[in-house]
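Throughout, a chain's letter reflects where its sequence line sits, starting with A, and its residues are numbered from 1.
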Amino acid sequence: MSEPRQDFFERVWAVVAEIPLGRVTTYGHIAEYLGSRSAARTVGWAMNAAIGSDLPCHRVVNRFGALTGRRHFEGPFVMEERLRSEGVTFTDEGHVDLDAHLWIPGEE
DNA sequence: AACGTGACTGCCC
DNA sequence: CGGGCAGCCACGT
């Protein structure tokens, strides 16, 4: 059965909105959860549209845990500061410690 | 209507 | 070990 593509965006937002505080997830995991492992790009695209929304897009990072983003919201350090404020720890490489905060959709 | 781009990831050479 | 290409979905020009 065919489902509206636009629904893909809404699903992404729904997942992001369910990310627990102090946890992070990756584009790949969201995409995989939606049924398309390789749709990570689209997930990022959905995030782009989520800027300005109430969605904690700062909890979504790439598979390395690096804070990627068109402009990291409105400042290159906003994301990091925000995550740290939520209790998320960072590694020496400057990315989120996924090993300690990685959250997978459906595994809440 | 078509092509290119974009907050990604994985596989192939 | 490093670089390149393909796959996925929606949007912009």
A:I19 CD1 to B:dA7 P, straight-line distance once rounded to whole Å: 19 Å

Is there a chain of hydrophobic side chains (I, L, V, M, F, W, Y, each step under 4.5 Å between heavy atoms) that links A:M79 to A:F64? no

Contacts of A:T89 meeting side-chain contact (heavy atoms from CB on, under 4.5 Å) (sequence neighbours excluded), chain-then-number -> A:D97, A:H101

Atom-pair distance (CD on A:E32; C1' on B:dG10), nearest Å: 12 Å

Send over the distance from A:Y27 OH to B:dG10 P, rounded to a whole Å. 14 Å

Please confirm whether the backbone N or O of A:V60 pairs with a side-chain atom of A:T25, one donor and one acceptor, at under 3.5 Å? no

State whether the number of non-hydrogen atoms from other residues, nucleotides or ligands found under 6.0 Å of A:Y33 atom OH is greater than 12. no

What interatomic distance, in whole Å, is found between P of B:dA7 and the corresponding atom of C:dG2? 25 Å

Give the residues of residues 87-107 of chain A touching DNA chain B, defined as any heavy atom closer than 4.0 Å, sorted by residue number. none

Looking at residues at least two apart in the chain, or sitting in another chain, which of them share a side-chain contact (heavy atoms from CB on, under 4.5 Å) with A:A39? A:F8, A:A31, A:S36, A:T42

Rounded to the nearest Å, what distance is computed from the NE2 atom of residue A:H29 to the C1' atom of nucleotide B:dG10? 13 Å

Show me the donor-acceptor pairs within less than 3.5 Å that the side chains of residues 12-24 of chain A make with the rest of the protein, sequence neighbours left out.
{"from": "A:W13", "atom 1": "NE1", "to": "A:A46", "atom 2": "O", "distance (Å)": "3.0"}

Round to the nearest Å and state the distance from A:F9 atom CZ to B:dG6 atom C1'. 10 Å

Going by the rule side-chain contact (heavy atoms from CB on, under 4.5 Å), which residues pair with A:R37 if we only count those two or more places apart in sequence or in a different chain? none

Integer angstrom distance from the P of B:dC8 to that of C:dC1: 25 Å

note: A:L34, atom CG; B:dC8, atom P; distance rounded to Å ~ 16 Å

Does a side chain donor of either A:H58 or A:E80 reach within less than 3.5 Å of an acceptor in the other side chain? no

Expressed as a whole number of angstroms, how long is the span from A:N48:CG to C:dC11:C1'? 9 Å

In whole Å, what is the span from the CD1 atom of A:I51 to the C1' atom of B:dA7? 8 Å

With side chain to side chain contact (heavy atoms under 4.5 Å, CB included) as the test, would you mind laying out the steps for A:Y27 and A:M47 before giving the verdict? CA-CA 10 Å; A:Y27 304 99; A:M47 295 281 87; 4.1 Å; yes

Extract from the structure each pairing of a protein N or O with an N or O of nucleotides 4-8 of chain C at less than 3.5 Å, listing the distance.
{"from": "C:dG7", "atom 1": "O6", "to": "A:R41", "atom 2": "NE", "distance (Å)": "3.3"}
{"from": "C:dG7", "atom 1": "O6", "to": "A:R41", "atom 2": "NH1", "distance (Å)": "2.9"}
{"from": "C:dG7", "atom 1": "O6", "to": "A:R41", "atom 2": "NH2", "distance (Å)": "3.0"}
{"from": "C:dG7", "atom 1": "N2", "to": "A:S38", "atom 2": "O", "distance (Å)": "3.0"}

Proximity to the side chain of A:F8 - top-ranked nucleotide from C:dC9, B:dG6, B:dC8: C:dC9

